[in-house]
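These notes are about the structure you will find just below.
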Amino acid sequence: MDMIIKNGTVVTDSEMFRADVAVKDGKIVSIAESINTGGCNNVVDAEGKLVLPGAIDAHTHLAMPFGGTISSDDYFAGTRAAACGGTTTVFDFVLQDFGESMVDAVKRRDALCAGNAAVDYSFHVAVKDVSNGLIDTIEDCVKFGVPSFKVFMVYDFGVTDGVFYQVLQKAKECGALIGVHAENNEMVNMFTKQFLSEGKTSAWYHYMSRPEFVEGEADERAIQWAKAVGVPLYIVHLANKQGVEAVTKAKDEGYTIYAETCPQYLEFTSDVYKREDGRNFVCSPPMKGEESRQALWEAIRRGDIDTIATDHCPFQSYEKDWGKDDFSKIPNGCAGIENMYPYMLSAANEGKIPYTKAVELCSANPAKIFGCKTKGSIAVGKDADIVIYDPSVDFTITNDKMHSDCDHTIWEGVKVHGYPVKTYSRGKLVYENGGFRGEKGWGKFIKCSLI
């Protein structure tokens, strides 16, 4: 054996039990009440600790261009931070260029990621152009090992309603999964123009230009189209009560609708945009009111939210300051890749949810939904992506303890109860007691299949 983890409590998405875990050649090869350590030179004592599958962050934007700049975390910095927060697989979004096939888009981004990633990674493709037969390259991409796609209902590169519908139809033909960033683009543009013309330029008006119903209405519309086509739909970064209710209704009616939310929507409300540093919290969709925050937690407990991801897309504070006199110029995005798993496990430690639910949301469900078959569980035959978690540790998040390249974090001062003490990626130690122990280029491209 290459490694044996002794005396820990294994957590899956359905149960917790005391067991030893043996690893060889990057895979979990045995789980038993007691495993003989003879001949193994790497025995890890996990007494009093939890042994968890590594988290999967299914929503990141690394090295993401935005308005003349690029998000602060490249593929190394972002995946380094992921490892240090117990996340061992990262899905990044590839934004298709006009005239580019879906597979070529993936290959273009993989050329940046390969040789840099510190943990394993895969991609989704954000669709911009389906003209001149490019819509048929969705099927090519599915066969290539990237079967998940995203459409934006907002931004100048977002798709029209008709193109969104065509993409859903193509997904039904070839077995792709479509995700959607749901906000009403015309309403956002109208509100933005109105507020700026009235001299209302602070970060608060970023939220006011994207109020609850602007997202909720788009959620409802997207769900209706998916139902009409008869195809599953994945709603990214769900942040509002109206959208939660639409998801619950669709699920109750028997439709396959998946919902993702992010830790920032579970912790913060729109009040952050009234703060002096409110620009740092600007992301889209923005944090919403307390009623929406509570609705998200209730949906998690009810099982109507399927995954937690981060939408990790941080920008430096001086770049956020570009919008100090015009909220529309603030680069959109916040850090979170290092905070997701500790935050959700802390919620479990505090009794808000079971530990099994945290594993389900952050690891097992993303693996199942996106066809990442070697990930997502402490089970024989799975990759040895393992987190050892100490529930007795109290940890206060400060930027100087983080491993991102960003110069600030919206999580500054937030306290979590319990924290990862070791992270293994395919059996390799990549994080230990506050320090990164991995290496640039260790991460592999993971091809996925929904079949």
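Below, each value reflects all heavy atoms present in this structure, side chains not excepted, and no hydrogens, waters or symmetry copies.
- A salt bridge links Glu100 with Arg108: at least one charged nitrogen is closer than 4.0 Å to a carboxylate oxygen.
- Between the side chains of Tyr419 and Asp394, no donor-acceptor pair is found at a separation under 3.5 Å.
- Contact of the Trp297 side chain with the Thr261 side chain is not registered, since no non-hydrogen atoms from C-beta on lie closer than 4.5 Å.
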Discussion item. Set out, in order, the CA-CA distance, both residues' side-chain angles and the distance that settles side chain to side chain donor-acceptor pair (under 3.5 Å) for Gln294 and Glu298, then state yes or no.
Written reply: CA-CA 6 Å; Gln294 292 295 342; Glu298 286 302 316; over 6 Å; no

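- The shortest side-chain heavy-atom distance between Val90 and Val119 falls under the 4.5 Å cut-off.
- Here salt bridge (charged side-chain N to carboxylate O under 4.0 Å, His left out) pairs that include residues 441-451, with residues two or more places apart or in two chains, number zero.
- Checked by atom type, the side-chain pair Tyr121/Asp110 shows a donor-acceptor distance below 3.5 Å.
- Geometric assessment of Lys320 against the ring of Phe315 yields a negative cation-pi assignment under the 6.0 Å and 45° thresholds.
- For Thr423 against Ala83, the heavy-atom pair with the smallest separation is OG1-O, 3.0 Å.
- Electrostatic pairing of Lys401 and Glu412 does not count as a salt bridge here, judged by no charged N lying under 4.0 Å from a carboxylate O.
- Here the closest non-hydrogen pair linking Gly427 and Met3 is O-CE, 4.3 Å.
- Atom CG of residue Asp400 and atom OG1 of residue Thr409 lie 11.0 Å apart, to the nearest 0.5 angstrom.
- Between Arg109 and Leu62, the closest heavy-atom pair is NH2-O, 2.7 Å.
- With no hydrogens or angles considered, no side-chain donor-acceptor pair links Asp120 and Thr89 at under 3.5 Å.
- In this structure, Asp20 pairs ionically with Lys6, as a charged nitrogen and a carboxylate oxygen lie closer than 4.0 Å.
- Between Val387 and Lys422, the closest side-chain pair of non-hydrogen atoms is not below 4.5 Å.
- Taking the ring centroids of Phe91 and Phe123, they lie at or beyond the 6.0 Å cut-off.
- Annotation: side chain of Ile138 is in contact with side chain of Met102 (closest heavy-atom distance under 4.5 Å).
- Of the charged side-chain nitrogens involved, at least one lies within less than 4.0 Å of a carboxylate oxygen, so that Lys227 and Glu253 count as a salt-bridged pair.
- Salt bridge absent: Arg80 and Asp73 never bring a charged side-chain N and a carboxylate O closer than 4.0 Å.
- Counting heavy atoms from C-beta on, the side chains of Val44 and Ile4 never come closer than 4.5 Å.
- Separating the CG atom in Leu296 from the CD atom in Glu267 is a distance of 12.5 Å, to the nearest 0.5 Å.
- Side-chain contact annotation: Ser404 with Glu338, donor-acceptor N/O pair under 3.5 Å absent.
- With salt bridges taken as basic N to acidic carboxylate O contacts below 4.0 Å, one links Arg210 and Glu183.
- The distance from atom CG of Leu361 to atom CD of Glu260, rounded to the nearest 0.5 Å, is 11.0 Å.
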Practice prompt. Kindly indicate, with the supporting measurements, whether the criterion side-chain contact (heavy atoms from CB on, under 4.5 Å) is fulfilled by Leu429 and Asn42.
Written response: CA-CA 11 Å; Leu429 182 67; Asn42 185 12; over 6 Å; no

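- Ring orientation note: the planes of Phe144 and Phe445 are tilted relative to one another, at an angle of 30° to 60°.
- For an aromatic pair to be called close, the ring centres must be under 6.0 Å apart, and His124 with Phe370 satisfies this.
- Atom CG of residue Asp311 and atom CZ of residue Phe93 lie 8.0 Å apart, to the nearest 0.5 angstrom.
- Residues Ala46 and Ile388 approach most closely at CB-CG2, 4.4 Å, considering heavy atoms.
- Here the OH atom belonging to Tyr234 is positioned 6.0 Å from the CD1 atom belonging to Ile369, to the nearest 0.5 angstrom.
- A salt bridge is defined here as a Lys NZ or Arg NE, NH1 or NH2 lying under 4.0 Å from an Asp or Glu carboxylate O, and Glu212 with Lys288 fails to meet this definition.
- In the model, Thr307 has no side-chain atom that pairs as donor or acceptor with a side-chain atom of Asn365 under 3.5 Å.
- In the model, Glu173 has no side-chain atom that pairs as donor or acceptor with a side-chain atom of Gln169 under 3.5 Å.
- Judged by a 6.0 Å distance limit and a 45° cone about the ring axis, Lys49 is not positioned over the six-membered ring of Tyr389.
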Worksheet entry | Worked check of side-chain contact (heavy atoms from CB on, under 4.5 Å) between Trp225 and Leu168 | CA-CA 8 Å; Trp225 293 340; Leu168 290 171; 3.8 Å; yes

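- Partners of Ala259 according to the side-chain contact (heavy atoms from CB on, under 4.5 Å) rule, which considers only residues two or more places apart in sequence or in another chain, are Leu238, Val247, Ile305, Asp306.
- Side-chain contact check for Asn184 and Glu217: at least one donor-acceptor pair (N or O, by modelled atom type) lies under 3.5 Å.
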Worksheet item: Can you list the steps and then say if Phe164 with Ile178 is a side-chain contact (heavy atoms from CB on, under 4.5 Å)?
Response: CA-CA 9 Å; Phe164 183 7; Ile178 306 304; 4.3 Å; yes

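- With sequence neighbours excluded, the residues forming a side-chain contact (heavy atoms from CB on, under 4.5 Å) with Ala55 are Thr87, Met340, Tyr341, Cys362, listed by chain and number.
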Worksheet entry | Steps toward side-chain contact (heavy atoms from CB on, under 4.5 Å) verdict (Thr9, Val51) | CA-CA 6 Å; Thr9 298; Val51 180; over 6 Å; no

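- For the 3.5 Å distance criterion, the side chains of Ser346 and Glu350 qualify, holding a donor opposite an acceptor.
- Side-chain contact of Asp383 with Thr374: a donor-acceptor pair under 3.5 Å is present, judged by distance alone.
- Cation-pi check for Arg426 over Trp442 is met; the charged atom lies under 6.0 angstrom from the ring centroid and within 45 degrees of its normal.
- With a 4.5 Å cut-off on side-chain heavy atoms, Trp411 and Cys334 do not count as touching.
- At a threshold of 4.5 Å between non-hydrogen side-chain atoms, the residues Ile223 and Ile235 count as touching.
- Ring planes of His61 and His59: perpendicular class, angle over 60° (limits at 30 and 60°).
- Between Lys375 and Pro53 the shortest side-chain heavy-atom distance does not fall below 4.5 Å.
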Practice prompt. Under the side chain to side chain donor-acceptor pair (under 3.5 Å) rule, what do Asp92 and Tyr75 come out as? Steps first, then yes or no, please.
Written response: CA-CA 9 Å; Asp92 195 56; Tyr75 281 106; 2.6 Å; yes

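- Using a cutoff of 4.0 Å between basic side-chain nitrogens and carboxylate oxygens, Lys27 and Asp25 are not scored as salt-bridged.
- Taking the six-membered ring where the residue is Trp, the centroids of Phe395 and His417 are separated by 6.0 Å or more.
- Side-chain contact of Asp57 with His312: a donor-acceptor pair under 3.5 Å is absent, judged by distance alone.
- Asp405 and Gln316 get closest at one heavy-atom pair: O-NE2, 3.0 Å.
- In terms of heavy atoms, Ala118 sits closest to Val430 at O-CG1, 4.4 Å.
- For the ring-ring contact (aromatic ring centres under 6.0 Å, His included) with Phe268, the qualifying choice from Tyr207, Tyr343, Tyr273, Phe281 is Phe281, the only one to do so.
- If you take CD on Gln96 and NZ on Lys128, they are separated by 7.5 Å, rounding to the nearest 0.5 Å.
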